[in-house]
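Below: the structure, in structure tokens.
Residue numbers begin at 1 in each chain, while the letters A, B, ... track the order of the sequences. Atom set for the values below is all heavy atoms of this structure, side chains included, hydrogens, waters and symmetry mates excluded.
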Amino acid sequence: MPELPEVETIVRDLRPHVVGSRVEALVHLNPAVVRYPDPGDVAVGLEGRTVACLGRRGKFIQLWLDSKQELVVHLGMTGTLTLEAAAAPLRTHTHLRLGLDSGSELRYRDPRRFGRVLLGTESELEQAGVMPRLGVEPFAPDFASGLAAEVLRTSRRPVKAVLLDQSVIAGCGNIYADEACFLARVRPGRRAWRLSTSERRRLLAALPIVMAEAIERRGTSFSDYRDGFGAKGQAFESLFVYGRGGRACVRCRSTLRQVRIAGRTTVFCGRCQS
DNA sequence: CCCCTATCCTGAGGGC
DNA sequence: TGCCCTCAGGATAGGG
């Protein structure tokens with residue numbers, strides 16, 4: 001599933017090809033994926049606009065237009081946002097096609113439809129209540145000293161639940177929560193407030209490390225994730241624990257345990273992570 | 001405050 | 001070969 005490293009890879013892929021392009025037409029839209037505004041108004045806001053810049057906040061892709069509006073795309077579990085030739089064969093579950101003046105098309109596809117699309121100004125989306133309040137970015141300079149550290153220090157919830165909370169840490173999902181816990185040698189089921197200062201510091205240091213590594217490998221494609229050009233990422237092969245329950249720990253060779261924490265499948269090493 | 005569960009949805013994979 | 005069942009989970013809403 002697309003988490004911060006996957007979304008970042010897509011944004012970096014698309015940016016040089018999309019910024020400065022004019023949206024000639026909204027070729028195809030599945031109204032069901034539009035959460036705001038009324039689907040009928042999306043074409044009006046997009047057609048004829050130029051893409052001013054492309055950004056990311058947490059797991060949200062932000063495509064800023066010269067109108068000060070932004071097209072916000074959340075990929076959910078199975079979403080992809082790819083640049084393709086306008087004549088390229090159309091895959092099933094393609095919900096949005098944006099024809100660009102470059103001759104290419106920006107295509108949003110999402111079989112499970114857990115993703116969503118928004119269009120509006122920043123304040124408009126906030127007022128409409130469709131854009132959640134997001135926590136700190138793992139690559140922000142003050143990440144390890146800010147909100148995330150404070151919540152981890154005081155929350156009685158499991159560490160894993162805090163890591164997954166988008167209002168605390170923006171962009172962390174199931175994969176990198178488990179990876180960070182492994183690298184920091186912290187059990188994901190521990191109550192956050194019971195971590196020692198050293199454990200908490202290790203955990204906060206680990207998250208940007210595992211994410212940076214994943215970005216270098218262009219993201220984790222264990223199922224649906226694809227980069228901005230439709231290709232798979234290579235990070236899955238280098239993950240420590242995610243998807244490896246029952247197999248040997250890469251550090252101590254003992255069998256990795258798989259449990260459910262905060263409603264999510266969680267894998268950790270019972271020997272390395274205390 | 002916090003946990004758990006159901007909900008949305010499709011495709012993959014196992015069992016037979 | 002094919003059918004049925006279960007499971008996967010990001011975000012959110014509602015119940016305990």
Side-chain angles (χ1 to χ4, degrees), chain A residues 1-10 30-36 39 56-62 72-81 90-96 108-118 125-126 128-135 137-138 147 150-181 188-195 207 211 214 219-226 230 232 236 239 241-247 256 258-268:
Chain A
M1 55 232 97
E3 303 180 23
L4 188 154
E6 289 74 33
V7 175
E8 181 65 24
T9 301
I10 291 168
N30 177 354
V33 304
V34 179
R35 299 292 176 85
Y36 186 91
R56 176 193 62 74
R57 177 80 171 96
K59 303 174 191 173
F60 291 84
I61 297 169
Q62 303 169 303
V72 176
V73 178
H74 192 292
L75 299 174
M77 294 240 343
T78 56
T80 56
L81 187 67
L90 200 63
R91 305 195 61 193
T92 54
H93 308 297
T94 299
H95 303 306
L96 175 66
Y108 168 64
R109 176 178 185 265
D110 183 13
R112 250 169 266 191
R113 273 188 275 143
F114 281 12
R116 66 200 116 135
V117 167
L118 315 166
L125 296 177
E126 193 179 327
V130 288
M131 201 50 199
R133 220 172 291 282
L134 295 171
E137 288 284 336
L147 176 69
E150 181 58 20
V151 174
L152 281 172
R153 193 176 66 77
T154 55
S155 173
R156 301 194 168 256
R157 306 163 71 191
V159 165
K160 173 98 179 226
V162 175
L163 293 178
L164 291 176
D165 188 337
Q166 299 301 299
S167 70
V168 178
I169 299 171
C172 183
N174 206 27
I175 298 173
Y176 301 105
D178 278 9
E179 294 299 299
C181 286
R190 294 263 305 280
R191 302 285 144 175
W193 67 287
R194 309 212 57 155
L195 295 189
L207 192 61
M211 286 185 165
T220 298
S221 293
F222 77 99
S223 60
D224 299 86
Y225 163 72
R226 295 294 183 274
K232 291 188 178 190
F236 186 66
L239 297 181
V241 287
Y242 182 85
R244 300 192 69 249
R247 296 178 58 194
L256 293 175
Q258 182 162 319
V259 297
R260 259 185 120 70
I261 299 172
R264 297 283 169 256
T265 300
T266 302
V267 184
F268 67 98

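Separating the CZ atom of Arg157(A) from the P atom of dC4(B) is a distance of 10 Å, rounded to the nearest angstrom. Tyr242(A) has its OH atom 10 Å from the P atom of dA8(C), to the nearest Å. Distance Leu4(A) CG to dA11(C) P: 12 Å, rounded to the nearest Å. One atom, CD1 of Ile61(A), and another, C1' of dG10(C), lie 14 Å apart when rounded to the nearest Å. For the pair Asp165(A) CG and dC2(B) P, the computed distance is 9 Å after rounding to whole Å. At whole-Å resolution of the value, CG in Asp110(A) and P in dA8(C) are 19 Å apart. Atom OH in Tyr176(A) sits roughly 14 Å away from atom P in dG9(C) (whole-Å rounding). Across the protein-nucleic acid pair, Leu134(A) atom CG and dG10(C) atom P stand 15 Å apart, rounded to whole Å.
Checked for salt-bridge contact, Arg116(A) and Asp110(A) miss the test: no charged N lies under 4.0 Å from a carboxylate O.
Looking only at distances, a side-chain donor or acceptor of Asp178(A) sits under 3.5 Å from a matching main-chain atom of Val267(A). Remark: side-chain polar atoms of Tyr108(A) are not paired, donor with acceptor, to backbone N or O of Leu75(A) under 3.5 angstrom. Looking only at distances, a side-chain donor or acceptor of Thr266(A) sits under 3.5 Å from a matching main-chain atom of Arg264(A). Counting only distance, with no hydrogens or angles, the side chain of Gln166(A) and the backbone of Cys172(A) share a donor-acceptor pair below 3.5 Å. The closest donor-acceptor contact from the side chain of Arg109(A) to the backbone of His93(A) lies at 3.5 Å or more, if one exists at all. Side chain of Glu6(A) to backbone of Arg226(A): no donor-acceptor contact under 3.5 angstrom is found. Between the side chain of Gln258(A) and the backbone N or O of Gly246(A), no donor-acceptor pair lies under 3.5 Å.
When all heavy atoms of Thr9(A) and Gly219(A) are compared, the closest pair comes out as OG1-N, 4.1 Å.
Of the candidate nucleotides dG10(C), dT12(C), dA8(C), dG10(C) has the atom nearest to the side chain of Lys59(A). Distances were taken from every side-chain heavy atom of His74(A) (C-beta onward) to each of dA11(C), dC2(B), dA8(C); the shortest belongs to dA11(C). Distances were taken from every side-chain heavy atom of Arg260(A) (C-beta onward) to each of dC2(B), dA8(C), dA11(C); the shortest belongs to dA8(C).
Within 4.0 Å (heavy atoms only), Asn174(A) reaches sugar-phosphate atoms of the nucleic acid but no base atom. No contact: Thr78(A) has no heavy atom under 4.0 Å from any strand.
In terms of phosphate contacts, Arg35(A) brings no side-chain nitrogen or oxygen within less than 4.0 Å of OP1 or OP2 of dT12(C). Residue Gln166(A) places no side-chain N or O under 4.0 Å from the OP1 or OP2 atom of dG10(C).
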> Would Arg133(A) and Glu126(A) satisfy side-chain contact (heavy atoms from CB on, under 4.5 Å), going step by step from the backbone distance to the final call?
Replying inline: CA-CA 8 Å; Arg133(A) 220 172 291 282; Glu126(A) 193 179 327; 3.9 Å; yes
So which protein nitrogen or oxygen atoms get under 3.5 Å of nucleotides 13-16 of chain C's nitrogens or oxygens?
none

What are the atom names and distances for every N/O pair under 3.5 Å that joins the protein to nucleotides 6-13 of chain B?
| residue | atom | partner | partner atom | Å |
| --- | --- | --- | --- | --- |
| dC9(B) | O4' | Arg112(A) | O | 3.3 |
| dC9(B) | O3' | Arg113(A) | NH2 | 3.4 |
| dT10(B) | OP1 | Arg113(A) | NH2 | 3.1 |
| dT10(B) | O3' | His93(A) | NE2 | 3.3 |
| dT10(B) | O2 | Arg112(A) | NE | 3.2 |
| dG11(B) | OP1 | His93(A) | NE2 | 2.9 |

